[in-house]
Amino acid sequence: MLVKPFETALYEKLRLFFEKQGFELMADKKQFRKVTPTGFQNVIFTASSYDDEVWLEVNIGCRNNQIEQIAQQFLGNTRDFWQDSNTIVISIGKYNDAKYFRYKIMTEPDVEDVCDIVKDFLTTEGLPFLNDSDNLLSLNTIFNKTTSKPCKYVYNQVHRCFKGIIVAKLTYDERFLDLADEHRNQLVKIGATPEELLTYERLLSFLLYHSSN
């Protein structure tokens, strides 16, 4: 099975489900996306071909504009990427603690089966999780509850530290200064580069004088 025809069939079979949930297809970005008052939610599909199979990974995520408008100035991503960056993103496999899980598709009935499984997950767990997480207070908990452990909901733990201290500032978290130290220590622990450590200090200087009003 070829990837392109598979993606076309997948999007077509899922389109009505997502439209009912308020999502629009963005085929060029391989995702369905729903604009929210604070940013967006999205479901991203990544397909790869292996011999006669297509392997599919599905990620769910959301963007908070307030966090990303600050974070992207310090993370070194190209400006073309800034408007599409996710604040949190996690695969269905990782969400279910099966880190390297992929859906494997060989036949047309397999496509139907995968669509049913994905829709069931999104209905029962995925979309409720995004709705619950799509606010600054919840994101503050996600990023800052246990700073000494990796955050499950981001792939880049350096970015976690940057976004964690940003959301602490935006939520007026009384632990802000302690969290600044904790994230700095975590950056050293995970092997951040000297440039990343310097940029983190620049971010802290920015945040100390930042007002969201």
Side-chain angles (χ1 to χ4, degrees), residues 14-26 29-46 56-72 75 82-101 103 114-176 178-179 182-183 186 207 212:
L14 291 172
R15 185 193 296 267
L16 184 59
F17 168 82
F18 276 107
E19 286 180 351
K20 288 180 178 179
Q21 306 294 331
F23 288 73
E24 294 184 3
L25 174 63
M26 302 180 71
K29 302 183 188 299
K30 301 183 184 299
Q31 64 185 256
F32 287 88
R33 181 183 292 186
K34 178 170 74 173
V35 176
T36 67
T38 56
F40 62 69
Q41 299 176 5
N42 58 354
V43 181
I44 308 162
F45 297 87
T46 306
L56 176 69
E57 183 174 66
V58 183
N59 279 269
I60 62 173
C62 69
R63 171 192 174 91
N64 181 278
N65 286 332
Q66 284 183 277
I67 295 173
E68 294 304 310
Q69 284 165 2
I70 298 173
Q72 293 305 315
L75 292 179
W82 285 13
Q83 295 304 312
D84 292 313
S85 62
N86 276 70
T87 304
I88 58 173
V89 62
I90 186 171
S91 69
I92 292 179
K94 191 176 178 183
Y95 184 94
N96 291 320
D97 296 320
K99 188 175 180 181
Y100 298 108
F101 177 80
Y103 298 103
V114 166
C115 287
D116 288 341
I117 293 168
V118 169
K119 287 189 287 187
D120 182 63
F121 167 79
L122 292 173
T123 300
T124 59
E125 296 189 63
L127 296 182
F129 165 75
L130 291 182
N131 289 333
D132 289 343
S133 304
D134 199 5
N135 64 83
L136 287 174
L137 289 177
S138 292
L139 291 168
N140 191 40
T141 299
I142 286 172
F143 283 114
N144 293 322
K145 184 177 181 180
T146 51
T147 57
S148 61
K149 297 180 180 179
C151 178
K152 181 177 180 177
Y153 302 101
V154 292
Y155 286 104
N156 188 316
Q157 296 303 312
V158 170
H159 290 189
R160 176 271 184 95
C161 294
F162 281 62
K163 295 182 182 185
I165 199 59
I166 291 169
V167 71
K169 176 66 175 183
L170 293 175
T171 55
Y172 303 98
D173 193 317
E174 62 184 13
R175 301 171 300 148
F176 175 77
D178 289 334
L179 287 168
E182 290 174 20
H183 283 303
Q186 192 66 7
L207 292 175
S212 58

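Computed from a predicted model, the values in this text were never measured in an experiment.
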Side-chain contact test, heavy atoms from C-beta onward, threshold under 4.5 Å: evaluate it for [X] versus [Y] and give yes or no.
X: I70; Y: F162; answer: no
X: R33; Y: D84; answer: yes
X: K30; Y: T46; answer: no
X: T87; Y: E68; answer: yes
X: L170; Y: N140; answer: no
X: Q186; Y: T147; answer: no
X: Q83; Y: Q72; answer: no
X: Y155; Y: K94; answer: yes

Contacts of type side chain to side chain contact (heavy atoms under 4.5 Å, CB included), residue E24, not counting sequence neighbours: none
Residues in side chain to side chain contact (heavy atoms under 4.5 Å, CB included) with D178, at least two apart? E182
For K163 and L75, what are the C-alpha separation, side-chain angles and deciding distance, and is it a side-chain contact (heavy atoms from CB on, under 4.5 Å)? CA-CA 10 Å; K163 295 182 182 185; L75 292 179; 4.0 Å; yes
Using the rule side-chain hydrogen bond (donor to acceptor under 3.5 Å, both in side chains), only one of Q41, R63, K34 pairs with D134; which is it? Q41
Might you point out which heavy atoms bring [X] and [Y] nearest each other, and give the distance in Å?
X: L207; Y: K169; value: O-CE, 2.8 Å
X: Q157; Y: P150; value: OE1-CA, 3.4 Å
X: C62; Y: S133; value: SG-O, 4.4 Å
X: R160; Y: C151; value: NH1-N, 3.3 Å
X: R15; Y: L25; value: NH2-CD2, 3.6 Å

Partner of L122 by side chain to side chain contact (heavy atoms under 4.5 Å, CB included), out of I60, I117, V58, L130: I60
First locate atom [atom1] of [X], then atom [atom2] of [Y], and finally report the distance between them rounded to the nearest 0.5 Å.
X: N86; Y: N59; atom1: CG; atom2: CG; value: 8.5 Å
X: L139; Y: Y153; atom1: CG; atom2: OH; value: 11.5 Å
X: I166; Y: H183; atom1: CD1; atom2: NE2; value: 10.0 Å
X: Q66; Y: T38; atom1: CD; atom2: OG1; value: 8.5 Å
X: I92; Y: N96; atom1: CD1; atom2: CG; value: 7.5 Å
X: I165; Y: F143; atom1: CD1; atom2: CZ; value: 12.0 Å

Looking only at atom types and distance, does a side-chain atom of [X] sit under 3.5 Å from a main-chain N or O of [Y], one as donor and one as acceptor?
X: N135; Y: L137; result: yes
X: T123; Y: D120; result: no
X: N131; Y: L127; result: yes

Mind checking what makes side-chain hydrogen bond (donor to acceptor under 3.5 Å, both in side chains) contact with K152, not counting sequence neighbours? D97
Sort out for me which residue in Y95, F101, F129, F17 forms a ring pair (Phe, Tyr, Trp, His ring centres under 6.0 Å) with F121. Y95
Determine whether Q31 and N42 satisfy the following criterion, side-chain contact (heavy atoms from CB on, under 4.5 Å), listing intermediate values before the conclusion. CA-CA 7 Å; Q31 64 185 256; N42 58 354; 3.1 Å; yes
Between F18 and F32, how do the two ring planes meet: parallel, tilted or perpendicular, split at 30° and 60°? parallel
In terms of side-chain heavy atoms, does D132 have a donor or acceptor partner in S138 at a distance below 3.5 Å? no
Decide whether N144 and D173 meet the rule of one side-chain donor and one side-chain acceptor closer than 3.5 Å. no
